[in-house]
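For reference, the structure discussed in these notes is given below.
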Amino acid sequence: MASAINNCYLLRCSSDLPFSHSLRYLPQHLSASNRNSGDTINNKVLRLDGRNRRSISVNCSSTTEKRILSGDRMLVFVPPHPLIKHWVSVLRNEQTPSPVFRNAMAELGRLLMYEASRDWLPTISGDIQSPMGVASVEFVDPREPVAIIPILRAGLALAEHASSLLPATKTYHLGISRDEETLQPTIYLNKLPDKFPEGSRVFVVDPMLATGGTLVAALELIKERGVDNKQIKVISAVAAPPALKKLGESFPGLHVYAGILDPTVNDKGFIIPGLGDAGDRSFGT
């Protein structure tokens, strides 16, 4: 069973996992029942208290939830961890100086990638000798590095801690600028491989999902190189409905992890209330 609230589906799995690993926001733009909604998210969706969260708990074994969580839907995850809320708040503050802003972006990226990598990384098992005896262990398999693709330049700050969090990574830089008038993306740097190895897992790191044009351009390049939607996870600081709608229509099965969902985008393509220009604020230029 799923609860539809304004422009999002909120799903809570009744499992032994902490709540932060169970909440999922699914844009209702993907639902035929959403006839009259605009590209906005009601603030009530963004401010659920503990009582509301409990009220939408559903049984993971239900037929409805299985259908909604199937691979033909894009899912947006907003982990309600207090540290994620803290770093988003630091980023929001217009008084935050550039070095602190960049550090906050890096910490937020670390937390979101931690959440996104759960039950997703390849592992190997075996026995090792500890100082006190033999122990069964499980390691992340270093033979299958996760591809990290930051969208320059703001993505560099959000992806800064990827290599310290994940045991094995390869970083491919992708530079995409957005025309301030037309809001259309232009690719100015492409360091992607001609072909990704089969089964590659890819993190695409783009702090601001506003209109979605930049990320769509990036994902199309990645898919051309052999990566399936289900093998891609997007890491974002802030996401807004226009981008989520566009992504949901074009990339079924994609998973997006965001620090927060904001309600709208202005006519200049900036998320409101957002946090300003993430690149300018990260690097002070």
Side-chain angles (χ1 to χ4, degrees), residues 17-25 46 75-93 96-123 138-142 144-174 191 200-209 214-215 218-219 222 231-239 243 254-262 271 274-284:
L17 292 179
F19 175 67
S20 62
H21 311 310
S22 303
L23 182 65
R24 296 166 173 84
Y25 288 87
L46 308 179
L75 296 179
V76 181
F77 297 75
V78 183
H81 195 291
L83 286 173
I84 289 177
K85 295 176 182 178
H86 170 81
W87 293 118
V88 168
S89 299
V90 173
L91 294 170
R92 294 269 210 206
N93 188 356
T96 299
S98 180
V100 177
F101 184 94
R102 180 170 178 175
N103 178 70
M105 189 69 79
E107 293 298 333
L108 178 61
R110 185 207 302 269
L111 292 167
L112 291 172
M113 281 185 279
Y114 172 84
E115 294 283 353
S117 60
R118 180 179 298 273
D119 299 325
W120 192 57
L121 300 175
T123 60
E138 188 172 354
F139 293 98
V140 173
D141 192 343
E144 299 185 41
V146 176
I148 309 296
I149 304 177
I151 308 299
L152 307 186
R153 63 181 168 154
L156 291 173
L158 194 61
E160 186 170 329
H161 291 321
S163 60
S164 63
L165 174 69
L166 301 166
T169 62
K170 288 186 176 181
T171 301
Y172 303 95
H173 295 98
L174 191 56
K191 291 295 185 179
S200 290
R201 294 165 175 81
V202 177
F203 276 137
V204 182
V205 185
D206 188 5
M208 309 301 290
L209 303 186
T214 297
L215 187 57
L219 291 176
I222 294 166
Q231 293 297 100
I232 301 171
K233 296 198 176 187
V234 174
I235 304 297
S236 175
V238 186
L254 184 72
H255 286 187
V256 177
Y257 285 76
I260 197 165
L261 303 183
D262 272 357
I271 298 174
L275 46 83
D277 189 307
D280 287 355
R281 296 191 66 193
S282 291
F283 299 100

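In this chain, numbering begins with 1 at the start of the sequence shown.
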Exercise. For Phe139, does its backbone N or O pair with a side-chain atom of Thr123 as donor and acceptor, under 3.5 Å?
Worked result: no

For this session: Kindly indicate whether the side chain of Val256, heavy atoms from C-beta on, has any atom under 4.5 Å from the side chain of Leu75.
Result: no

Seminar exercise, completed: Residues Ile235 and Met113: closest non-hydrogen pair is CG1-CG, 3.8 Å

Problem set entry | side-chain contact (heavy atoms from CB on, under 4.5 Å) partners for Leu166, two or more places apart | Ser117, Leu121, Val146, Ile148, Thr169, Phe203

Exercise. Is the backbone N or O of Ala157 less than 3.5 Å from a side-chain atom of Ser282, with the two atoms forming a donor-acceptor pair by type?
Worked result: no

For this session: Identify, with sequence neighbours excluded, every residue that meets salt bridge (Lys or Arg N to Asp or Glu O under 4.0 Å) alongside Asp277.
Result: none

For this session: Check whether any side-chain heavy atom of Ile271 sits under 4.5 Å from a side-chain heavy atom of Met208, and report yes or no.
Result: yes

Seminar exercise, completed: Closest heavy-atom pair, Ala258 versus Pro79, reported as atoms and distance to 0.1 Å, is O-CD, 3.7 Å

Exercise. Do Leu275 and Arg281 have side chains that get closer than 4.5 Å, going by heavy atoms?
Worked result: yes

Exercise. What are the two closest non-hydrogen atoms of Leu158 and Pro207, and how far apart are they?
Worked result: CD2-CA, 3.8 Å

Seminar exercise, completed: Applied to residues 96-108, the salt bridge (charged side-chain N to carboxylate O under 4.0 Å, His left out) test, sequence neighbours excluded, yields Arg102-Glu160, Glu107-Arg110

Exercise. In a check of side chain to side chain contact (heavy atoms under 4.5 Å, CB included) between Leu219 and each of Ile149, Val204, Val202, which one passes?
Worked result: Val204

For this session: Say whether, by atom type as modelled, one donor and one acceptor occur between the side chain of Thr96 and the main chain of Leu91 under 3.5 angstrom.
Result: no

Exercise. Any donor-acceptor pair under 3.5 Å linking the side chain of Asp141 with the backbone of Pro122?
Worked result: no

Exercise. Can you check whether Ala116's main-chain N or O pairs, donor with acceptor, with Lys233's side chain at less than 3.5 Å?
Worked result: yes

